[in-house]
Number of protein chains: 2
Amino acid sequence: MNALLSHTEENYLKTLIKLVLENANSEAGTNELASHLAVKPATANDMLKKLKEKGLVSYEKYGKINLTNQGTKIALEIIRKHRIWETFLYEKLDFSWDEVHDVAEQLEHIKSDKLIDKLEKFLDYPEFDPHGDPIPNKEGKFKVQHKTTLAEIAVGKSCKMIAVKDNSNSFLQYVVKVGLGINNEIKVLSRQDYDAMMLIEVNGQQSSVSQKFAENIFVVFD
Amino acid sequence: MNALLSHTEENYLKTLIKLVLENANSEAGTNELASHLAVKPATANDMLKKLKEKGLVSYEKYGKINLTNQGTKIALEIIRKHRIWETFLYEKLDFSWDEVHDVAEQLEHIKSDKLIDKLEKFLDYPEFDPHGDPIPNKEGKFKVQHKTTLAEIAVGKSCKMIAVKDNSNSFLQYVVKVGLGINNEIKVLSRQDYDAMMLIEVNGQQSSVSQKFAENIFVVFD
DNA sequence: TTTATTTGTTAGATACCTCTAACTTTTATA
DNA sequence: TATAAAAGTTAGAGGTATCTAACAAATAAA
């Protein structure tokens, strides 16, 4: 029995699960939530009351926010839809890597289980989206990859890019500019002691990237 | 400069253009509009004021409603999106003929010109949707077919189904049950004088259909 | 430990879309 | 043409999602 949630409610749940998963402490705060959704804390607070009323989040006044099992389930369904749509846009409609996110933000709210299941089949059951993030299946299960960042790779070693951490347009466009994409080989040529700037090589193209950049590129060892 | 309209506003425009095109008199009334949108006349009246304010409809108090050029343009864009999505669902995702409408009602509101243009290309620029309705191009132009209904076909003659007039689920499911679909050949075997019930044959299957049914099937002569 | 800062909450207001109930205008009918 | 019916409008209200401004609690700093 999927509760009928508004786009807004769905966006709150999606943001909450991201915060809970990223924070490692498995908790989120009102201000944090509000800033991710670009609303004021007062607004987020109101919505939290509503979501609590619906049994989707658990929290007490002045306490930390968590998703209930039901809330987690719904949040994973939204992430599933988002990533399947991103894959469709990238693979079938020739959208570029950095264009898929914004459109998928809209498409993820379409209410039709049949649609997303048929789309998944059409794409031949993809396990990762164009950014390398895992796609939850109908039961909410997904592949977890051990994630190393480019910043951790030693000088002289090579690795393969598997995902990005930051999904912002500005970052993704930067990644494209450096000539990087999913499954590309990266060789670490040197690293500055002072600021950890790295010189890397991708498909013969050398680029100098910051530590911040390197920390947002997930890789696996060759 | 595409005004940023809400889903609701878009639905009003879409319904208005349908009424205006169907009515032949090129006018619509408040009650008529309201009943098609399943809202009360008071609600429709409020929205009309807003759409007039935005320059999308023209009407005077107690007068008839018309779309402005700008309103027509936007309405055609929504119809274009709806029909392209229907075609996608039917051709690529194996949705059945009678399932596509409801999902397309949601998809038509996705805001991305790039998306719909790429989808159109992916489908190889279709001219008609799965119900036989013409798909407006980017400039709002579409093919007009001279439409004869099955009710007008003489006994003993054959014709080919090209579209349906009624898009309701109950009608479409009935059409499927009779074994009919776009481009099927229909032979009119007999017609009752009393109530115009017709006996037709489709792919070897004989069915008895009412006048109401026949009036909602568009055909061309062989 | 007292104070300052950060974080979270409440109250009151607005815009959107909807409703019901009452009223007005137009159209049809007797 | 007078009246009844249909069509259209207005006023007042409610739910959702948002805001600002003011306040309260928890945490960090002096």
Side-chain angles (χ1 to χ4, degrees), chain A residues 3-16 19-20 22-23 25-67 71 74-75 78 105-106 108-109 111, chain B residues 3-16 19-20 22-23 25-67 71 74-75 78 105-106 108-109 111:
Chain A
L4 295 119
L5 302 179
S6 67
H7 288 199
T8 311
E9 290 169 325
E10 290 192 348
N11 282 332
Y12 275 83
L13 292 181
K14 188 182 63 167
T15 304
L16 275 172
L19 291 178
V20 164
E22 279 171 17
N23 282 6
N25 51 341
S26 291
E27 289 178 331
T30 306
N31 284 7
E32 192 185 14
L33 174 61
S35 83
H36 275 81
L37 285 160
V39 298
K40 301 296 170 189
T43 309
N45 188 262
D46 282 350
M47 181 57 87
L48 284 173
K49 287 182 196 161
K50 200 163 93 178
L51 293 174
K52 186 189 177 181
E53 198 58 41
K54 293 194 177 188
L56 302 175
V57 306
S58 68
Y59 91 115
E60 296 307 324
K61 220 162 133 174
Y62 294 105
K64 289 294 177 183
I65 312 156
N66 272 290
L67 286 166
I74 295 175
I78 301 163
E105 287 276 297
Q106 295 182 64
E108 71 192 8
H109 300 296
K111 260 94 176 165
Chain B
L4 295 119
L5 302 179
S6 67
H7 287 199
T8 312
E9 289 169 325
E10 290 191 349
N11 282 333
Y12 275 83
L13 292 181
K14 188 183 64 167
T15 304
L16 275 172
L19 291 178
V20 163
E22 278 171 16
N23 281 5
N25 50 339
S26 292
E27 288 178 331
T30 305
N31 284 6
E32 192 183 14
L33 175 60
S35 82
H36 275 80
L37 285 159
V39 297
K40 300 297 171 188
T43 308
N45 187 262
D46 283 349
M47 181 58 86
L48 284 173
K49 287 182 194 162
K50 200 164 91 177
L51 293 174
K52 186 190 177 179
E53 198 59 41
K54 293 193 177 187
L56 303 175
V57 306
S58 68
Y59 89 115
E60 297 305 325
K61 219 164 135 173
Y62 295 105
K64 289 295 177 181
I65 311 157
N66 272 291
L67 286 165
I74 295 174
I78 301 163
E105 287 275 297
Q106 295 183 64
E108 71 191 7
H109 299 295
K111 260 92 176 167

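Atom set for the values below is all heavy atoms of this structure, side chains included, hydrogens, waters and symmetry mates excluded. Letters A, B, ... are given to chains in the order of the sequence lines, protein chains preceding strands, and every chain is numbered from 1.
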Test your reading of the model: is there a side-chain donor-acceptor pair from B/K54 to the backbone of B/L5, 3.5 Å cut-off?
no
Return the CG to CG distance between B/L33 and B/L48, rounded to the nearest 0.5 Å.
5.5 Å
A/I65 versus A/Y59, closest heavy-atom pair with distance
CA-CB, 3.9 Å
A/Y62, nearest nucleotide to its side chain (from D/dA25, C/dT18, D/dA7)
D/dA25
I need the CG-C1' distance between B/D46 and C/dC19, as an integer number of Å.
10 Å
Just to verify, which of B/L13, B/L19, B/L56 counts as forming a side chain to side chain contact (heavy atoms under 4.5 Å, CB included) with B/L67?
B/L13
How long is the line joining CG of A/L48 and P of C/dT10, in whole Å?
11 Å
Is the phosphate of D/dT9 approached by B/T30 (side-chain N or O, under 4.0 Å from OP1 or OP2)?
yes
Could you check how far CG of B/N31 sits from P of D/dA5, rounded to whole Å?
17 Å
Of all of residues 38-45 of chain B, which get a heavy atom below 4.0 angstrom from DNA chain D, listed by number?
B/P41, B/A42, B/N45
Rounded interatomic separation in angstrom, taking CG from A/L33 and P from C/dG8
10 Å
Closest heavy-atom pair and its distance - A/A28, A/L16
CB-CD2, 4.1 Å
Distance check: side-chain N/O of A/K61 vs OP1/OP2 of C/dT10, anything under 4.0 Å?
yes
With a 4.0 Å cut-off on N to O distance, would you call A/E60 and A/K52 a salt bridge?
yes
Give the rounded distance in Å between these two atoms: CD of B/E27 and C1' of D/dG8.
15 Å
For B/H109, the side chain to side chain donor-acceptor pair (under 3.5 Å) test, sequence neighbours excluded, returns B/E10, B/N11
Return the value, rounded to whole Å, for the distance between atom NE2 of B/H7 and atom P of C/dA15.
22 Å
Could you check how far NZ of A/K64 sits from P of D/dA25, rounded to whole Å?
17 Å
At under 4.0 Å, does any side-chain N or O of A/K49 touch on OP1 or OP2 of C/dT10?
yes
Interatomic distance, B/L19 CG vs D/dA7 P [rounded to whole Å]:
14 Å
